[in-house]
Amino acid sequence: MADHVDLVLGQWHAQRPDLDVSPMAVIGRLSRLARLVDVELGKTFAAHDLDRASFDVLATLRRSAPPHRLTPTELMRSSMVTSGAVTQRLDRLEARGLVVRTPNEHDGRGVVVALTDAGRALIDRTLPDHLATEDRLLGALSSSERTALADTLKQLLASLGDK
């Protein structure tokens with residue numbers, strides 16, 4: 001079964017047979033897959049009045065040890081959100097009553113971010129739908145194929161310096 005990437009590879013092979021375009025088979029499919037996954041996850045987040053970054057901040061706080069509090073720096077390190085985005089996201093989440101920032105008792109200049117009851121309830125409602133979406137997206141793969149793919153991607157990420 002041929003896909004769009006096969007078409008692109010064939011075109012490159014015809015135009016530049018002197019080049020090995022095989023890396024495009026993996027990178028092209030990863031890129032297309034990332035876009036498709038982002039769209040589907042975005043739909044799930046939107047159904048809960050969230051976006052990816054807000055979900056990530058709430059999920060990072062929720063999976064931290066009780067009382068589910070982190071500094072903005074810890075949030076940035078533990079989530080997939082950049083430092084500039086953390087402040088912006090926290091402002092929005094705090095305005096919605098989903099997180100609260102309080103002075104850091106160990107550092108008078110810093111703050112600690114904590115989930116509110118409303119924030120915890122929202123992430124607890126959203127997470128099962130998020131997992132169901134991810135499971136649906138991986139539906140074409142068996143359990144062993146999922147494990148093999150996860151291991152392969154982990155190896156590739158490590159080789160590129162991702163921890």
Side-chain angles (χ1 to χ4, degrees), residues 1-13 16 19-90 92-93 98-99 110 112-115 119-163:
M1 164 177 64
D3 65 2
H4 178 77
V5 175
D6 288 328
L7 172 67
V8 170
L9 294 172
Q11 290 170 329
W12 276 121
H13 182 69
R16 291 296 309 267
L19 295 177
D20 175 14
V21 297
S22 63
M24 288 183 182
V26 174
I27 302 300
R29 287 184 177 99
L30 282 173
S31 295
R32 292 175 66 81
L33 184 61
R35 282 192 302 274
L36 292 169
V37 167
D38 281 345
V39 167
E40 292 303 311
L41 292 178
K43 291 176 187 176
T44 299
F45 298 143
H48 293 275
D49 198 23
L50 292 170
D51 58 24
R52 175 182 281 281
S54 295
F55 172 85
D56 195 38
V57 168
L58 294 174
T60 299
L61 286 167
R62 179 64 175 97
R63 72 175 187 261
S64 69
H68 310 294
R69 298 168 33 134
L70 296 170
T71 66
T73 301
E74 291 169 329
L75 262 174
M76 183 186 66
R77 288 183 187 143
S78 296
S79 69
M80 295 192 244
V81 181
T82 64
S83 61
V86 165
T87 300
Q88 180 184 47
R89 196 61 50 204
L90 290 176
R92 290 181 184 160
L93 292 170
L98 301 174
V99 300
V112 176
V113 181
L115 277 176
R120 182 176 174 156
L122 179 58
I123 194 63
D124 284 352
R125 281 192 313 272
T126 306
L127 186 59
D129 290 346
H130 173 69
L131 293 170
T133 299
E134 289 185 336
D135 189 54
R136 178 179 54 80
L137 292 171
L138 296 172
L141 303 178
S142 69
S143 178
S144 61
E145 288 170 326
R146 291 179 188 198
T147 299
L149 179 58
D151 290 345
T152 300
L153 292 173
K154 181 179 178 180
Q155 178 183 354
L156 182 58
L157 285 166
S159 77
L160 298 173
D162 190 68
K163 296 179 183 181

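For reference, positions follow the sequence shown, starting with 1.
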*Could you tell me whether Lys154 and Asp162 make a salt bridge, using a distance below 4.0 angstrom between a side-chain N and a carboxylate O?*
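Answer for the salt bridge query: no.
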_Salt-bridge present (Arg32, Asp3; N to O < 4.0 Å)_ =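 No, this pair does not count.
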Between atom [atom1] of [X] and atom [atom2] of [Y], what is the distance when rounded to the nearest 0.5 Å?
X	Y	atom1	atom2	value
Leu50	Asp56	CG	CG	11.0 Å
Ser144	Leu149	OG	CG	11.5 Å
Leu75	Thr60	CG	OG1	6.5 Å
His13	Leu19	NE2	CG	11.0 Å
Leu98	Ile123	CG	CD1	9.5 Å
Thr126	Asp49	OG1	CG	9.5 Å

Give a yes or no on whether the backbone of [Y] and the side-chain of [X] come within a donor-acceptor separation of less than 3.5 Å.
X	Y	answer
Ser159	Leu156	yes
His68	Ala114	no
Arg29	Ala25	yes

*Would a 4.5 Å heavy-atom cut-off, applied to side chains only, mark Leu7 and Gln11 as touching?*
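Counting from C-beta outward, Leu7 and Gln11 do come under 4.5 Å.
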*asked:* I'd like to check Leu153 versus Leu30 (side-chain heavy atoms, cut-off strictly below 4.5 Å). Are they in contact?
replied: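 Counting from C-beta outward, Leu153 and Leu30 do come under 4.5 Å.
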*Quick one: which residue pairs count as a salt bridge (charged side-chain N to carboxylate O under 4.0 Å, His left out) with a foot in residues 143-152, not counting sequence neighbours?*
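Sorted pair list: Asp135-Arg146.
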*Does the side chain of Ser54 come under 3.5 Å of the side chain of Asp51 through a donor N or O and an acceptor N or O?*
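Looking only at side-chain atoms, Asp51 and Ser54 do form a donor-acceptor pair, the distance falling under 3.5 Å.
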*Evaluation steps, side-chain contact (heavy atoms from CB on, under 4.5 Å), between Val21 and Arg16*: CA-CA 9 Å; Val21 297; Arg16 291 296 309 267; 5.8 Å; no
*Kindly write out the residues that satisfy ring pair (Phe, Tyr, Trp, His ring centres under 6.0 Å) with His130, not counting sequence neighbours, or none if the list is empty.*
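With sequence neighbours excluded, His130 shows a ring pair (Phe, Tyr, Trp, His ring centres under 6.0 Å) to Phe45, Phe55, given in chain and number order.
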_Under the side-chain hydrogen bond (donor to acceptor under 3.5 Å, both in side chains) test, residues paired with Thr71 that sit two or more places apart_ =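 For Thr71, the residues satisfying side-chain hydrogen bond (donor to acceptor under 3.5 Å, both in side chains) (neighbours in sequence not counted) are Glu74.
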_Intermediate values then yes/no, side-chain contact (heavy atoms from CB on, under 4.5 Å), Thr133 and Arg136_ = CA-CA 5 Å; Thr133 299; Arg136 178 179 54 80; 3.7 Å; yes
